[in-house]
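Read the numbers this way: they start at 1 and go in the same order the structure lists the ligands and their atoms. All residue numbers refer to positions in the sequence shown, counting from 1.
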Amino acid sequence: MLSFRPGYISLYESGELEKRIKLLNAILEDCVLCPRKCRVNRTEDEKGVCRVGRLPVVSSFHPHFGEEPPLVGYMGSGTIFLTYCNLKCIFCQNYDISHLGEGREVGFEELSSMMIALQRQGCHNINFVTPTHQIPQIVSALPRAIDKGLEIPLVYNCGGYESTETLKLLDGIFDIYMPDIKYGDNDVAERLSSAPDYVEVVKEAVKEMHRQVGDLVVDKNGIARRGLIVRHLVLPEGLAGTEKVMRFIAEEISPDTYVNIMDQYRPCYKAHKDPAMSRRITTDEFEEAVRIAINVGLRRIEGVHV
Ligand code: SF4
């Protein structure tokens, strides 16, 4: 028996989950699920920027040991990689999935069985990778998974380009939010991800996520139970706007936000078309990013004892 009970089970028992599913699916009829606001009817399989229609599209699902330690624990994070994305990052490391559409349509029954399979393998959570454009489909599969015994936390692992209105409908469903904050400047967001309003959007979204789940809470084994994890990938030439991002987190979210500052940038997909993006970052660039985070007062930086 788990000492921690995910919120989605209570919502299911009270009938609230069914109401949310209806509201989320209604959005698909004139899709404004994310800030792209394509207004296509996805229930008729019309496709917008994200190129996903009515059914979930999944690339793969498996225990993942490369995620943040509080998610991985000792049995892995149960990742489900959703196909396509609402961001258009020219440097995406998963471009075969996010841009080229590797994956296949699955039914709700199959999606629920994936969750159960991951739980049976001992994973500590179900980690939906790039869920933003497929949220109604994911939540629609949840009741079947709950009926089959799902009881581990759900992770919303996203690029940060989220509609706050949609996020409000997820209150109590996701236990852990793990957004990227990719940029501190909109001109860079437009240049690299075709998202000219990214900065305002991600700030509002992360505030809403934090309002729902708070700072990260771990159990006695250090495994995440609930809360916010923020990822920030350091880019060459300071393009990620690290100082603005870290200042925002420390001053407008919480100095106790769990932050993963990532050093693994490498030029992928179409990154070579932007000269500044055609190299890895240097050790100095990474250390400077960490220094900035410490200096603005962040106290939970992954891998850093502050
Ligand atoms: S979820 Fe897809 S179709 Fe809907 S607004 Fe976003 S990009 Fe457009």
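- Residues Val139 and Tyr8 are not in side-chain contact: their nearest non-hydrogen atoms beyond the backbone lie 4.5 Å or more apart.
- Near Cys38, meaning under 4.0 Å from one of its heavy atoms, ligand 1 places the atoms 3 (S), 5 (S), 7 (S), 8 (Fe).
- For the pair Glu110 and Arg144, the salt-bridge criterion is not met [side-chain N within less than 4.0 Å of a carboxylate O].
- When hydrogens are left out, the protein atom nearest atom 4 (Fe) of ligand 1 is Cys31 SG, 2.3 Å; that is the closest non-hydrogen contact.
- Not one N, O or S atom of Cys34 sits under 2.8 Å from atom 4 (Fe) of ligand 1.
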Discussion item. Run the side chain to side chain contact (heavy atoms under 4.5 Å, CB included) test on Cys38 and His133 for me, step by step, so that the C-alpha distance in whole Å, both residues' side-chain angles and the decisive distance to 0.1 Å come before the verdict.
Written reply: CA-CA 11 Å; Cys38 299; His133 58 303; over 6 Å; no
Practice prompt. Applying side chain to side chain contact (heavy atoms under 4.5 Å, CB included), run through Val40 and Lys47 and close with a yes or a no.
Written response: CA-CA 6 Å; Val40 293; Lys47 312 273 168 70; over 6 Å; no
Discussion item. I'd like to know whether Ile261 forms a side chain to side chain contact (heavy atoms under 4.5 Å, CB included) with Asp263, so could you lay out the CA-CA distance, the side-chain angles of the two residues, the decisive distance to 0.1 Å, and finally the verdict.
Written reply: CA-CA 7 Å; Ile261 300 173; Asp263 65 355; over 6 Å; no
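- Using a 4.0 Å heavy-atom cutoff, Lys47 is absent from the residues neighbouring ligand 1.
- Atom NZ of Lys270 is surrounded by 12 or fewer heavy atoms from other residues, nucleotides or ligands within 6.0 Å.
- Residue Cys50: an N/O/S atom is found under 2.8 Å from atom 2 (Fe) of ligand 1.
- One option in Glu46, Lys37, Arg42 has a heavy atom closer to atom 1 (S) of ligand 1 than any other, and that option is Arg42.
- The ligand atoms of ligand 1 that sit less than 4.0 angstrom from a heavy atom of His133 are 1 (S).
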